[in-house]
Amino acid sequence: MNYRIVGNDGKIYGPVSAEQIRAWIRQNRVESRTPILVEGATEWTFVGMLPEFAESFHAAPPPFSPFASPGNPFGPSKGPSLALWSLICGALAWLSCCCCLPINMIGLVLGIIALVQIQSQPEPRPSRGVAIAGVILSGTNLLWCAAVTLLNLASDHSKFTMNFQ
């Protein structure tokens, strides 16, 4: 039987034999929480969950994670939650009808961080669109606030000019 695993570097290795997996366990290159896909299976699991490898680990196998699947072998990541918070901040900035610089900046920064994290993943993530929407909402509201501020300053220029008469 052959297996595929996700290495610490995020790359998928395999197909490899059970003997190779055991050798990697002895070399501490594979842990009980390393994602593994058994040949012919449709769901990813953890190495420590498989009976043929469980005895190789001194501790009990990790609990099953509902997040591990072929589409997401790494488990939950911060990319989607940061993307969602970016979208929330961008929407709040527009819905509040005010120029709230902290909300704009937080939304922009969270969206950019989420995009960087999502981009580093080997497979495309659906949360990429959410992160882009958050960056757009936060960025456009930030630009809107800057434009409104400049227009207010320009229309009330008498406060900033000195009258020498």
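Just so you know, these numbers use all the heavy atoms, side chains as well, and skip hydrogens, waters and symmetry mates. The first residue in the sequence is number 1, and the count goes up from there.
Cys145 has its side chain within reach of Asn104: a pair of non-hydrogen atoms, C-beta onward, lies under 4.5 Å apart. Between Lys11 and Val6, the closest side-chain pair of non-hydrogen atoms is not below 4.5 Å. With a 4.5 Å cut-off on side-chain heavy atoms, Phe53 and Ile21 count as touching.
The hydrophobic clustering, which links ILVMFWY residues whose side-chain heavy atoms are closer than 4.5 Å, places Leu108 and Leu143 apart. Criterion: ILVMFWY side-chain heavy atoms under 4.5 Å apart, direct or through other members. Under it, Met1 and Val47 are part of a common hydrophobic cluster.
Atom OG of Ser56 and atom CD of Glu31 lie 13.5 Å apart (nearest 0.5 Å). Distance check: Arg26 CZ to Trp24 CH2 gives 12.5 Å after rounding to the nearest 0.5 Å. Taking CD of Glu39 as the start and OG of Ser17 as the end, the distance is 11.5 Å to the nearest 0.5 Å. The CD atom of Gln27 sits 14.0 Å away from the CZ atom of Arg22 when rounded to the nearest 0.5 Å. From Ile36, atom CD1 reaches atom CE of Met49 across 12.0 Å, with rounding to the nearest 0.5 Å. Atoms CE and CG, on Met105 and Asn141 in that order, are 12.0 Å from each other to the nearest 0.5 Å.
Between Thr140 and Trp94, the closest heavy-atom pair is OG1-NE1, 3.4 Å. Taking both residues in full, the closest heavy atoms of Asn2 and Pro15 are given as CB-CB, 3.7 Å, listed atom of the first, atom of the second, then distance. For Ala114 against Ala131, the heavy-atom pair with the smallest separation is CB-CB, 4.0 Å. In plain terms, the two heavy atoms of Ser138 and Cys89 that are nearest each other are OG-C, 4.3 Å. Here the closest heavy-atom approach between residue Ala54 and residue Gly48 is recorded as CB-O, 3.6 Å.
Between the side chain of Ser86 and the main chain of Leu82, no donor-acceptor pair closer than 3.5 Å is present. Arg4 contributes a side-chain N or O that, together with a main-chain N or O of Gly14, makes up a donor-acceptor pair within less than 3.5 Å. Proximity of a side-chain donor or acceptor of Thr34 to a complementary backbone N or O of Val30 within less than 3.5 Å is not detected.
Under the side-chain hydrogen bond (donor to acceptor under 3.5 Å, both in side chains) criterion, Glu52 pairs with Tyr3, sequence neighbours left out. For Leu87, the side chain to side chain contact (heavy atoms under 4.5 Å, CB included) test picks out Val130, Ala133, Leu137, with sequence neighbours left out.
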#### Entry: Audit row: Ile5, Ile12, side-chain contact (heavy atoms from CB on, under 4.5 Å) steps and yes/no
CA-CA 6 Å; Ile5 67 158; Ile12 296 178; over 6 Å; no

